[in-house]
There are 2 protein chains.
Amino acid sequence: MSEVQLKEALDSLKDTGVRITPQRHAILEYLINSMSHPTADDIYKALESKFPNMSVATVYNNLRVFREVGLVKELTYGDSSARFDFVTTNHYHVICQTCGKIVDFDYPALDEVEHFAAQVTGFNVSHHRMEIYGDCSECAKKESH
Amino acid sequence: MSEVQLKEALDSLKDTGVRITPQRHAILEYLINSMSHPTADDIYKALESKFPNMSVATVYNNLRVFREVGLVKELTYGDSSARFDFVTTNHYHVICQTCGKIVDFDYPALDEVEHFAAQVTGFNVSHHRMEIYGDCSECAKKESH
DNA sequence: TCTTAGATTGTAATATTTATAAATAGTGTA
DNA sequence: TACACTATTTATAAATATTACAATCTAAGA
């Protein structure tokens, strides 16, 4: 499953003329397998043992490359650092305001909203983002004590 | 119109026991009248002539206070710095990816999405955010040349 | 294998935001 | 109005995230 995703991602890099370096391979692999939404620093720390000489700049550079190619989405929430999400299907995120946990959830794309906005504002709409905030069940339980 | 908003905002501060300082007055006034979505630095620069001694920390402190009271919303987009929006009615933003312009647009709240997410994830949902990205008519025109 | 454009590294620089302590000033009360 | 109390402001330093840059290295095609 995830191997297919990785292969597709690498193919997509090759198609765009982006070189496949061991670092890029590892970053992509980590993003796909982590099932989470790591920060650049998370990725850097996770790959430290494998690549003791890797620079933080490499992580940032490659995340930008991946974003430009469309393999990765950059998420900016309230907290200080950006998070990165490997793009699979269109899904949304539910974020716990207490512990920061992020849960994916599928939902049919809100195309009507985009159309409506395009009409009202005259924009050439390309995409939208939506997140839902609240407390996860564990945190909600703790708070009620 | 905006004077009413300002008065209501100041009353709301008084009710919460938050002191009304000249700096707070000016920051609120600026947020209400600017009709834009300034960064902390924008506000700082705009009030520099009026308050030559004001510290950047004051701007940040007060924006946090306003956010906690619910007068102001903090918006984090892709770019480096957070933007602040005086809360009036529930509205969404359409953001131009080329020039950065932000246009408000009204839309009935997406309550169904919140309910759906609550059911699927077990979260205690409090709110959501949504933005639409694209190119504004001017930028779209320029690009087609 | 050789070449070369692109990638990585290491470091410095920039930018944003927060922390801290001393000085100042708003607000209720007498 | 004057006083006292405490929140707020200021100035500065520190923390954190991200980008810029130049030198070195390497992936990939010829």
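Just so you know, these numbers come straight off a predicted model, no measurement behind them.
- Side-chain heavy atoms closer than 4.5 Å link hydrophobic residues (I, L, V, M, F, W, Y) into clusters, and following such links, even through other members, never connects Val87(B) to Leu75(B).
- The C1' atoms of five pairs define one axis at each end of the helix from dT1(C)-dA30(D) to dA30(C)-dT1(D), and these two axes lie 40° apart (to 10°).
- Side-chain N or O atoms of Thr16(A) include none that pairs as donor or acceptor with a backbone N or O of Val18(A) at under 3.5 Å.
- In this structure, Thr21(A) reaches the sugar-phosphate backbone alone: every heavy-atom distance under 4.0 Å involves primed, P, OP1 or OP2 atoms, never a base.
- Under the salt bridge (Lys or Arg N to Asp or Glu O under 4.0 Å) rule, Glu74(B) has a single partner from Arg67(B), Arg83(B), Arg64(B), which is Arg67(B).
- Mapping Ile20(B) and Thr58(A) onto DNA chain C by nearest heavy atom places Thr58(A) at the nucleotide closer to the 5' end.
- Side-chain contact between Lys73(A) and Arg129(A) is absent, with no heavy atoms from C-beta onward closer than 4.5 Å.
- One finds the CG atom of Leu10(A) at 9.0 Å from the CG atom of Leu71(A) (value rounded to the nearest 0.5 Å).
- Looking at Thr76(B), its side chain does come within 3.5 Å of a backbone N or O of Thr76(A) through a donor-acceptor pair.
- For DNA chain C, the residues of residues 45-55 of chain A within the heavy-atom distance limit of 4.0 Å (strictly under) are Asn53(A), Met54(A), Ser55(A), sorted by number.
- Looking only at side-chain heavy atoms (C-beta outward), Ile132(B) and Tyr92(B) stay at 4.5 Å or farther from each other.
- Taking the six-membered ring where the residue is Trp, Phe105(A) and Tyr107(A) present tilted rings, their angle falling between 30° and 60°.
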Atom pairs, protein N/O to nucleotides 15-19 of chain D N/O, distance under 3.5 Å:
unit_1, atom_1, unit_2, atom_2, d
dT18(D), OP1, Ala82(A), N, 3.1
dT18(D), OP2, Tyr60(A), OH, 2.5
dT18(D), O5', Tyr60(A), OH, 3.4

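- At a non-hydrogen distance threshold of 4.0 Å, nothing from residues 65-73 of chain A comes into contact with DNA chain C.
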Tabulate atom names and distances for all N/O pairs under 3.5 angstrom spanning the protein and nucleotides 22-26 of chain D.
none

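- With hydrogens and angles ignored, the 3.5 Å screen pairs no side-chain donor or acceptor of Arg24(B) with any backbone N or O of Asn62(B).
- The CZ-P distance, from Arg24(A) to dA27(D), rounds to 11 Å in whole Å.
- Under the 4.5 Å side-chain heavy-atom criterion for grouping Ile, Leu, Val, Met, Phe, Trp and Tyr, Val65(B) is connected to Phe86(B) within one hydrophobic cluster.
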### Task
Any chance you could lay out the side-chain hydrogen bond (donor to acceptor under 3.5 Å, both in side chains) test for Asp42(A) and Thr39(A), step after step, and finish with the verdict?
CA-CA 5 Å; Asp42(A) 289 338; Thr39(A) 64; 3.2 Å; yes
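- By the 6.0 Å contact criterion, NE2 on His91(A) is enclosed, its count of non-hydrogen atoms from other residues, nucleotides or ligands being greater than 12.
- Heavy-atom contacts of chain B under 4.0 Å fall on DNA chain C between two terminal nucleotides, which in 5' to 3' order are dT16(C) to dT27(C).
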